[in-house]
Amino acid sequence: MKKLLRTLIPFDIAKGLSITGTYFVKVFLTANRAKVKQHVVSEYPEVPAPLEPRFRGRVQLTLDEVGDPKCVCCNACAKACPTGVITIEGGKKEGRKTRIPTRWDYEMERCVFCGYCVEACSFDAIKLNDQFELAAYDREDFSLGLHGAHNVLEPSPVGKFSYSDEA
Amino acid sequence: MFKHQEMEINMGPQHPSTHGVMRLKLKLDGEVVTECRPIIGYLHRGVEKICENKTFAQGQIWSDRLDYCSAVANNLGWAEACEKLMGITVPRKAQYVRTLLAEFNRLASHLIWLATHALDIGAMTVFLYAFREREDILDINESYCGSRLTTTAFRIGGIPQELPEGFEQKVRTFLAKFPACIDEYENMLNENRIWKKRTIGVGKLSAEDAIALGVTGPVLRAAGVAYDIRKAFPYAAYSEMQFDVPTKPEADTYARYLVRMEEMRQSVRIIQQCIDGLPEGPIMAKIPKLLKTEVNEIYHPTEAPKGEIGYYLVGEKGGAGPYRFHVRAPGLLNLQSLPKMVEGSLIADVIAAIGTLDVVLGEIDR
Ligand code: SF4
Ligand code: SF4
């Protein structure tokens with residue numbers, strides 16, 4: 001008899017449903033009102049995703065006071081890179097003691113965003129910026145150099161393919 | 001009037017419940033599976049061979065990509081294996097941080113297992129709740145090393161940077177709320193009649209079979225064998241931690257579920273001890289800039305969330321990278337037990353058995 005009752009009245013399922021129900025009521029009653037937010041889903045494309053300061057995004061070169069790259073072409077980063085996506089050639093510039101890159105190629109499509117290049121550089125010449133929306137339609141857009149719209153000196157043109165631009 | 005005939009079908013490689021690109025060749029007699037053969041290799045990237053052409057430091061990024069759900073645990077194994085090969089001692093603080101992050105990773109991996117396993121069987125709600133908590137763990141990963149999934153969290157000789165500001169607070173907040181979340185999952189599943197019908201007695205694997213097939217991790221422990229490398233061959237800071245190794249004698253899918261849930265509780269305990277007893281001191285051992293080996297050969301097992309992940313490394317004289325490298329992936333050996341589990345059972349139980357093995361094809365195919 002007891003077993004039959006237990007089969008007929010699904011207490012076990014009610015127990016699970018009560019958890020879902022509690023959350024539903026909580027969010028329903030406090031939507032946009034509570035100080036402590038109850039809902040956990042973020043409205044990502046409209047509201048930018050919060051990033052940690054250590055976030056590892058795309059490789060970017062840092063500039064010195066005159067606006068030249070700080071890089072002195074020691075090739076330490078290219079050697080440390082596990083995927084070998086950095087190619088550097090050095091040249092000279094008037095009035096600068098150290099060498100200056102004439103070529104600094106970075107193949108983003110094969111970069112794994114590990115940060116080894118940043119650790120290898122003793123001149124603070126390279127950083128991983130906070131960009132992660134790096135999708136593009138053309139393969140060429142992933143080959144970054146010193147010149148052009150896509151380069152390693154500035155952040156990539158973001159928003160080009162993003163949700164907000166379409167509207 | 002009707003001809004009785006066995007049918008051979010392919011399950012996968014695009015089947016959503018094979019958790020990746022695994023193909024199962026099933027021979028069916030009606031709904032009963034008479035033969036099951038897993039076919040793997042669709043995700044083969046040649047990680048072992050690639051690493052032989054890289055330096056030891058560089059090799060770590062490929063350990064991320066073995067079992068991408070538990071990257072930190074794989075990083076830990078790789079870093080410790082290299083240290084063992086070169087005889088490097090890691091500072092105590094780095095050991096603690098490694099242990100802490102590896103346990104967080106165990107939680108993340110078990111949560112993703114719980115979510116997808118429950119979803120396969122038909123419990124959708126748990127999926128959402130488990131991912132909610134996993135998100136917090138990924139945030140902690142991100143604040144520590146800047147990456148969420150492919151962490152590259154450690155370096156040979158220690159850890160790359162100090163813990164960030166506010167890290168301890170984040171961990172403590174998480175620890176305060178997480179045990180209640182585990183209770184929540186258990187309240188939803190433990191007594192649920194559908195869950196019980198779909199898991200109890202399904203996918204049985206006896207202890208003898210499990211040992212003979214080299215199965216490790218929660219699957220082995222759910223067969224009543226209390227074998228955990230964290231206890232048997234302590235590494236990192238596990239020798240200083242107090243924790244239990246949960247076992248269950250039933251050896252079915254439900255028992256594996258209970259074992260993993262209990263493991264999560266133990267992980268919380270270990271994390272609590274790590275954060276309470278976090279020592280001060282250096283985070284990096286003194287190592288030469290270019291790591292070189294002598295002729296040497298080591299095998300280093302660690303307890304990844306899915307079982308024993310072992311790195312076998314051979315060093316050559318003056319070599320900057322391994323001469324030979326092999327991974328003992330827990331997933332591959334656990335998958336071998338799938339035919340034993342499902343042959344003679346219904347086809348719907350195959351889904352439960354795949355889920356309970358917690359396969360990640362990244363490490364199976366390598
Ligand atoms: S390590 Fe730094 S300074 Fe040297 S080549 Fe790379 S970016 Fe330039
Ligand atoms: S982040 Fe890693 S893969 Fe990318 S360029 Fe730097 S070292 Fe190479």
Side-chain angles (χ1 to χ4, degrees), chain A residues 3 6-24 26-27 36-42 44 49-59 76-86 110-120 122 127-132, chain B residues 50-51 53-55 57-62 64-65 123-126 128-129 131-133 135-136 138-153 155 160-167 170 180-181 183-196 289-290 320-321:
Chain A
K3 205 173 165 209
R6 232 185 285 145
T7 324
L8 283 178
I9 309 170
F11 284 116
D12 47 336
I13 291 173
K15 200 169 159 192
L17 274 178
S18 70
I19 296 170
T20 323
T22 319
Y23 276 113
F24 177 75
K26 246 199 232 163
V27 175
V36 184
K37 268 205 194 141
Q38 296 285 347
H39 60 271
V40 284
V41 183
S42 59
Y44 158 58
L51 291 179
E52 297 290 340
R54 284 183 182 178
F55 184 78
R56 303 199 304 245
R58 206 208 75 190
V59 164
C77 53
K79 272 189 209 128
C81 178
T83 50
V85 298
I86 302 175
R110 281 187 289 130
C111 174
V112 294
F113 309 107
C114 61
Y116 280 9
C117 47
V118 179
E119 273 168 45
S122 5
K127 69 171 183 191
L128 292 181
N129 66 13
D130 57 359
Q131 285 193 295
F132 60 94
Chain B
I50 295 173
C51 284
N53 295 309
K54 301 283 170 188
T55 65
Q58 289 173 349
Q60 189 183 194
I61 70 148
W62 275 278
D64 281 339
R65 286 154 182 81
M124 171 113 192
T125 321
V126 185
L128 301 171
Y129 291 171
F131 266 74
R132 180 187 62 191
E133 267 73 60
E135 192 67 20
D136 292 339
L138 295 191
D139 281 342
I140 288 171
N141 269 354
E142 188 189 334
S143 76
Y144 163 70
C145 63
S147 193
R148 295 162 72 81
L149 205 62
T150 48
T151 47
T152 320
R155 299 290 178 271
Q161 46 231 134
E162 288 282 349
L163 293 177
E165 234 173 89
F167 184 85
K170 252 187 210 153
C181 297
D183 292 342
E184 217 167 56
Y185 312 144
E186 293 208 319
N187 277 339
M188 267 189 274
L189 292 177
N190 271 8
E191 298 301 320
N192 189 303
R193 62 183 72 184
I194 307 168
W195 178 257
K196 275 163 100 175
K289 208 160 185 198
L290 257 182

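No hydrogens, no waters, no symmetry mates; every other heavy atom, side chains included, goes into these values. Sequence lines set the chain letters: A, B, ... in the order given, protein chains first and strands last, and positions in each chain run from 1.
Summarising the geometry of A:E52 relative to B:E142, their closest heavy-atom pair is N-OE2, 3.1 Å, with the distance given to 0.1 Å. Considering every non-hydrogen atom in both B:R155 and A:C114, the closest pair reads NH2-O, 4.3 Å. In this structure, A:R54 and B:L163 approach most closely via the heavy-atom pair NH2-C, 4.0 Å.
Interface remark: B:W195 contributes no atoms to any contact with chain A (heavy atom separation under 4.5 Å). Proximity to chain A involves both the backbone and the side chain of B:S143, based on heavy atoms less than 4.5 angstrom apart. In this structure, chain A has a heavy atom under 4.5 Å from the backbone of B:T151, while its side chain stays farther away. Proximity to chain A (any heavy atom under 4.5 Å) is shown, for B:R193, by both the backbone and the side chain. Neither the backbone nor the side chain of B:R148 comes within contact range of chain A, judged by heavy atoms closer than 4.5 Å. Of the atoms belonging to A:L51, heavy atoms from both backbone and side chain fall under 4.5 Å from chain B.
Ranked by heavy-atom pairs shorter than 4.5 Å toward chain A, the options B:M188, B:Q60, B:E184 are led by B:E184. Contacts with chain A were tallied for B:G59, B:A123, B:P160, B:A57; B:A57 has the most, counting heavy-atom pairs under 4.5 Å. Ranked by heavy-atom pairs under 4.5 Å with chain A, the first of B:R132, B:E135, B:K54, B:E191 is B:R132.
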Test side-chain contact (heavy atoms from CB on, under 4.5 Å) applied to A:V112 and B:T150, step by step: CA-CA 9 Å; A:V112 294; B:T150 48; over 6 Å; no
B:Y129 and A:T20: CA distance, side-chain angles, deciding distance, side-chain contact (heavy atoms from CB on, under 4.5 Å) verdict: CA-CA 10 Å; B:Y129 291 171; A:T20 323; 3.9 Å; yes
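When the ring pair (Phe, Tyr, Trp, His ring centres under 6.0 Å) test is applied to B:F167, no partner is found at least two apart in sequence or on another chain. With sequence neighbours left out, the salt bridge (Lys or Arg N to Asp or Glu O under 4.0 Å) criterion links A:R58 to no other residue.
To the nearest 0.5 Å, atom OG1 of residue B:T55 and atom OH of residue A:Y116 are 8.0 Å apart. Rounding to the nearest 0.5 Å gives a distance of 6.0 Å between CD1 of B:I61 and OG1 of A:T83.
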